[in-house]
Amino acid sequence: MDILQHLLVYITVALAVGYLVNKFLIPKSLFSGKKRNNKACGDGNCGCH
Amino acid sequence: MSKQIKVALIGNPNTGKTSVFNQLTGLKQKVGNYPGITVEKKEGICKLPRGVKAHILDLPGTYSLNTTSLDESVVVELLLNKNDKDYPDVAVVISDVENLKRNLLLFTQIKDLRIPVILVINMADRMSRTGISLDISLLEEKLDTKIALVSTRKGTGIERIKELITDYKNLSISPNIDSTVIAPEYFDKLKATFPNEDLYKLWLVITQDVNFMPIKRNPISIPSSFDTKSKSELKRLQQKETILRYQFINGILKQAYKVDLNVAKGLRATLDKVLTHKIFGYAIFFIILLTIFQAIYDWSSYPMDFIDELFASASEWVKDSLPPGVFTNLIAEGILAGIGGIVIFIPQIAFLFLFIALLEESGYMSRVVFLMDKLMRPFGLSGKSVVPLISGTACAIPAIMATRTIENWKERLITILVTPFTTCSARLPVYLIIIALVIPEGRVFGLSYQALTLMLLYLLGFGAAILSAMILNKIMNIKSKTFFVMEMPNYKLPLIKNVVYTVWEKTKSFVLGAGKIILAISIILWFLGSNGFSDDFTNAETIVKNRIENQGYTDFHKSNIENSLQSYSIALKDSIDKKVYTIGQASIIDSLRTKETSLQKKAENEEIASYKLENSYMGYMGKAIEPIVRPLGYDWKIGIAVLTSFAAREVFVGTLATIYSVGSDEEETIKNRMAAEVDPKTRKPLFNMASGISLLLFYAFAMQCMSTLAIVKRETNTWKWPAAQLVFMSLFAYIVALIAYQILK
């Protein structure tokens, strides 16, 4: 049980780090070849915050 | 797959294009009762009768095809380029029934481009109140088009638009006006030089640069035989064209558009007189602001307390119900504490957005913009900068995009640079928690000190924006000023549906947008705070227990145990005196001993947790940055919170909530945890008036939003300006916070 709990913690931390790196450090254009879509900005999906 | 009909929604600003777009597509783009909401094109799909589908494009508002700004150029660029993938099969021109004359100028220009056009006359529900009557069939005949009379407010006429779009092939594409009469010789030469081109389209291409420069396009190769005209000559011809169009429109409206002046009452004029008055206008706005901030405090205290308690209980439940272990601790101390730190602010954020939505929907916000225009001119800001600065109170990102309406590049740049000073909703959680901790709860004239402080912070942000603009204006030496022409929309009773939707969407965006970052940061911080590499961390329990055995508890815990025991003893004696309990002396001593043991155990656990945290990875990081934040009155834990909130400001509260709950056995509310923090050096509460004001000022001025920096880069096309913004604002915030702390400590 203890090993499982540690494993879950490492997975969760890795996911959290991955999310932040993806959000702030990797430009979207790197994968899509396109500029980031900001058409819906101001309507809840603009990536603010 | 059948071909979709490509439809472009075009019209003057604030005619309800986005409302029509939403009703046609079923999407829910933001609408508002003031111009400039749409600055980029938006797309959606509309299902039409007989199984046909249409691709609907909502374009930014423009008064004519003679563009003067970046957002307007989007429309012209599209209509002049047949090769554009979005070039419309049919244009739907949205007009406002009360401003039909001005709206028809744009209609006739699009019609003359030989694009099938449908005229939508919106806001039909206001016709009876304003005494307007229309002869639709006569209008259709004279304008050579099909008309849909629509009220997006009541949802009428939308089916008619759909039918007309479906049958767009039956629409006439003959022009309304022969523009060549303004300069027959010039147009004859143009025709001779470009025999295969549409003359009016050529004319628009030639005159695009007259009012606005920065559109990048391939230059037209004009043969040397063609005698081009100077800019001033072209401008004069453009004016002649406009006069010609208005003559045509006036002739039609004289017959088909009637206004009964007895019905059109002067309520709007009276309200405008008061609300835009040079003294009363500002006084009313000030009172409205005070009411909003007071209401935010008064109305949200109960739901906030409820949420706070809920998360504390949830943490306790998790620890009690799940198998003990590190993952359970992560959920209870990291995830729930971090998320609770932001969810608690939902009531206040929702109330703020509710008031903003009501002001926007009612039409009052436009009057505020008008008032602010007068106020800001002496500081060198363009009148058009007001809309971005006011909408910046929600989020700086759409506000920076709204600067596209400003024609002059330098004025636009200044507005982009100063907009992040206005108090966005992300600052609100930080302000609210710090104010609650350091500002007393008293009232003056029925207004709480806390609400007044919050309003002062909003005014401070706005003041910083206009002062910075004044300085930048002097440095950049702008000579030409943009004149601000804004149409005052009518007053409307806010539509509950729109208001509720706006509040829901904005709050959801705040919680989900910020929530994901806060969740991720909370998890990482918990991990860094719960793990360490040094022997001090590994053997924390033994080290602390030995220290307590040899030297006793720290001064803080010693006095805490004494005070708590004294309070318990008094309460126990009081209960015995009142005959609540009847126990003997031995039992009293026994009870006091048990209490003392439990307090000592709690103190021991807290000292172990604190020692572990100080020697964890996070402790080492925090201690590394402590010398930088110490002069501002912050300890290393606040330093970590300030550092993480450079991703987004609202992360601050979630970070502190996580840091303070790492290793803690007591499931306390966030506010209590922060209030209980003691400066180890001074032995006084860490969050006091001096450090609190210093933090408030730091957050008022610092540039702590990565998304805003990214959008500034996109709008200015260089990293130079966001970098300058980050360095200047952060340094300025640091210096102001430093001065405030050193004076107040």
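Here is how names work: the chains are called A, B, and so on, in the same order as the sequence lines, proteins then strands, and each is numbered from 1.
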Report which part of B/Ser522 has an atom under 4.5 Å of a heavy atom belonging to chain A: side chain, backbone, both, or neither.
neither
Once salt bridge (Lys or Arg N to Asp or Glu O under 4.0 Å) is applied, what residue pairs with a partner in residues 507-526 of chain B remain, sequence neighbours excluded?
B/Glu505-B/Lys508
In terms of heavy-atom proximity below 4.5 Å to chain B, should A/Leu8 be classed as side chain, backbone, both, or neither?
both
Who among B/Leu519, B/Val651, B/Thr328 has the most heavy-atom pairs with chain A under 4.5 Å?
B/Thr328
Who wins among B/Ala399, B/Ala710, B/Gly325, B/Cys424 for the most heavy-atom pairs under 4.5 Å with chain A?
B/Gly325
Aromatic ring centroids of B/Phe652 and B/Tyr699 under 6.0 Å?
yes
Under the side-chain contact (heavy atoms from CB on, under 4.5 Å) criterion, do B/Ile45 and B/Thr25 qualify, and how do the steps go?
CA-CA 5 Å; B/Ile45 300 292; B/Thr25 58; over 6 Å; no
Euclidean distance, B/Ile397 CD1 relative to B/Thr708 OG1, rounded to 0.5 Å:
4.5 Å
